[in-house]
Amino acid sequence: MPNTFAEQISTKLNETLLSLPFASDLPEGFVAQVDQAQNRQFGDYQSNAAMILAKQLKKNPREIASTIADAFDGGALTDKPEIAGPGFINFRLKPEALSTRLDLLIEDEKLAVSAAGEKKTIVADFSAPNVAKPMHVGHIRSTIIGDSLCRIARFLGHDVIADNHIGDWGTQFGMILWGWKNVLNEEALEEDPIGELVRVYKLVNGRQKEEEGLRDECKQELVKLQAGDEENLAIWKKCIELSKQGLQKIYGLLDIEFDYWLGESFYNDALAPLVEELMKEGIAEESDGAICVFFPENEKMADKPALIRKSDGGFLYATSDLATIDYRINELKADAIWYVVGAPQQLHFDQIFAIAGKRGQNANFEFIPFGSILDKNGKMLKTRDGDPVQLADVLNESIERAYKVVDEKNPDFPEEEKKQIAEVIGIGAVKYAELSQFRMTDYKFDWDTMLALKGNTAPYLINAYVRTRAIFRKMGDDFQPGGNLVLTEDAEKDLALKLAQFAETVPAVLNDFRPNTLAAYLYELATTYHRFWEACPVLRAEGDVRYTRLALCELTGRVLRCGLGLLGIRTTEKM
RNA sequence: GCGCCCGUAGCUCAGCUGGAUAGAGCAACGGACUUCUAAUCCGUAGGUCCCGUGUUCGAAUCACGGCGGGCGUGCCA
């Protein structure tokens, strides 16, 4: 796939620099950057190379800029560059360059997005809910961000393995087992398995805080489970089965799939040998009865050891995370492992990655943290106590609100269609609300913010897509390539440029794992299209103009569908 | 104590590797539907980018120091 406009201009610019009298004075390895223009009044692309070079060459930046601009041959790509401000070099694309690009996009399923240079096997660890506890809004971030990053990485040609590392082992099972045996309501379990498990968990969790005896009994149940007691093992398996069914329902609604569900319990047998090994290698040592790894070489963690075995012999989540890394590197052949996990776990992952380093495991580990969702009082939502809003309720409420709007605007649509549209829009709205903001930003949970349907939201983008489809529906035919493109109106050129820049946007998302940059691009594309829509009639136009506008509609539709797809958001033909 | 993150319009937030007059949405106000979906578009108004110092031709962005908030920090995950 040919390079993006930014790359093409950059190549020409650097060639130009080497042809100039001061070429030999350029700093070693200097490469001129070309960026999208901040403001369209200055052109389409800009470079600040002259200002950077001014210091090195001890010359006036505007003088250097004009030397460069004079020597720059834009060919079929750009007009003669202009100098502005303190020494910016501004480039404006020729309409022919835009048309050529559009012709290429029409032919290319991937819409000119190049595959990543080096294909990697990436294991993505996200969502990871706990068994027998409901998914609440706190899980939404990991789940939606992780899924989107997977889709983008796959689109760029990587092998991506989505692994749902569910919490299916641990202290909560002591309480659940005791509850199952003592306070379980069989009928309720039939009717609403998850609901009943949650009720039992909460009930026992609440009581054991007060009653010391109960706390011990729960602990006994846990010990029996870990020792392989048949009855407890059977109950445990049943709980996981029921929980998975409930989780699948939500993932189905969210249109999210995992390649593996390798929960914590999968690694149980690996934990004891792993600790042994770490001791033998001198990486771990005994301290106050527990087995720890110390990091004296790292200033920040020098006083923060990682515990991998408790003094009572039990293992911790650091231990199972280490065993998980072994499996992912050795069995799944991971080159990279991505953890989409809340920011509070920064230290934990610093430690885990440091231990992996000590063991010589040099996969590319990425901790991809996100900020907290706060309650009305600005406090973090906690799973343990209180009643955080359940994810399923958020999704259902969102679909319901979307349905009301569909029903109001299109009362004549068949019931089934209205429901489908409401689902696409409702789920899309929740996902877009999450993905359109920077992942580290904390936010207060608010129904109206999360489920908004106006402004910079999923329905706005989907509406732009629907409009592209409405044209072809009205025309009664699909887009037929092969015509002659002529871009004359500003609205057409603006749109063409935006479409071309999809290829500059998608790969950049993975630089810092920011799906919100893609969301922002799609919003701008939709806005640009809506403006084009107001300014340029399509079906009333004729000849090349009509063909050009049809092509712009077709491509806008494809980029929106593809881009929204990368965010995990579906589209609909009507709304 | 130490570490990490955050502080931008009335509200919710963009603004990655430093670039030109700091941008959106919501809310407010004023316009545009005999037209391919008005879930749209156009316009008005709204700012000590927490404070200070430094680096730089240039700082919301980088460094250092404060202030405010959140989270984490040896036997939960």
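Here is the naming used below: chain letters follow the sequence lines, and residue numbers restart at 1 for every chain. Scope of the values below: all heavy atoms of this structure, side chains included, with no hydrogens, waters or symmetry mates. Since this is a predicted model, take the numbers as computed values, not measurements.
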Check: Do A:Arg540 and B:rU35 have a side chain to base donor-acceptor pair shorter than 3.5 Å?
Finding: yes

Next item on the list: Compare the minimum distances between each of B:rU37, B:rA14, B:rC76 and the side chain of A:Thr441, then state the nucleotide with the smallest one.
Entry: B:rA14

Notebook entry, point to check: Does a distance-only test, which skips hydrogens and angles, find a donor-acceptor pair under 3.5 Å between the side chain of A:Thr457 and the base of B:rG25?
Noted result: no

Check: Can you tell which of B:rG74, B:rU37, B:rC5 lies closest to the side chain of A:Met575?
Finding: B:rU37

Checklist line | Minimum-distance nucleotide to A:Thr171 side chain [options: B:rA38, B:rC76, B:rC41] | finding: B:rC76

Note to self: Within the 4.0 Å heavy-atom criterion, would you say A:Tyr460 contacts the bases, only the backbone, or no part of the nucleic acid?
What the structure shows: sugar-phosphate

Notebook entry, point to check: May A:Phe88 be described as stacking on the base of B:rG19, applying a 5.5 Å centroid limit and a 30° limit on plane angle?
Noted result: no

Next item on the list: Mark this stacking check for A:Phe42 against B:rA20 as yes or no, applying ring centres under 5.5 Å and ring planes under 30°.
Entry: yes

Check: Would you say the base of B:rU21 and the side-chain of A:Gln41 have a donor-acceptor pair closer than 3.5 Å?
Finding: yes

Margin query: Using the side-chain heavy atoms of A:Asn463, tell me which of these nucleotides is nearest: B:rC13, B:rC76, B:rA39.
Written below: B:rA39

Next item on the list: Can you check whether any acceptor in the base of B:rA77 is under 3.5 Å from a donor in the side chain of A:Gln345, or vice versa?
Entry: no

Next item on the list: Measure from CG on A:Leu451 to C1' on B:rG25 and round the result to the nearest Å.
Entry: 16 Å

Next item on the list: Let me have a per-nucleotide readout for nucleotides 54-61 of chain B, 5' to 3', with B, S or -, counting only protein heavy atoms under 4.0 Å.
Entry: ---B----

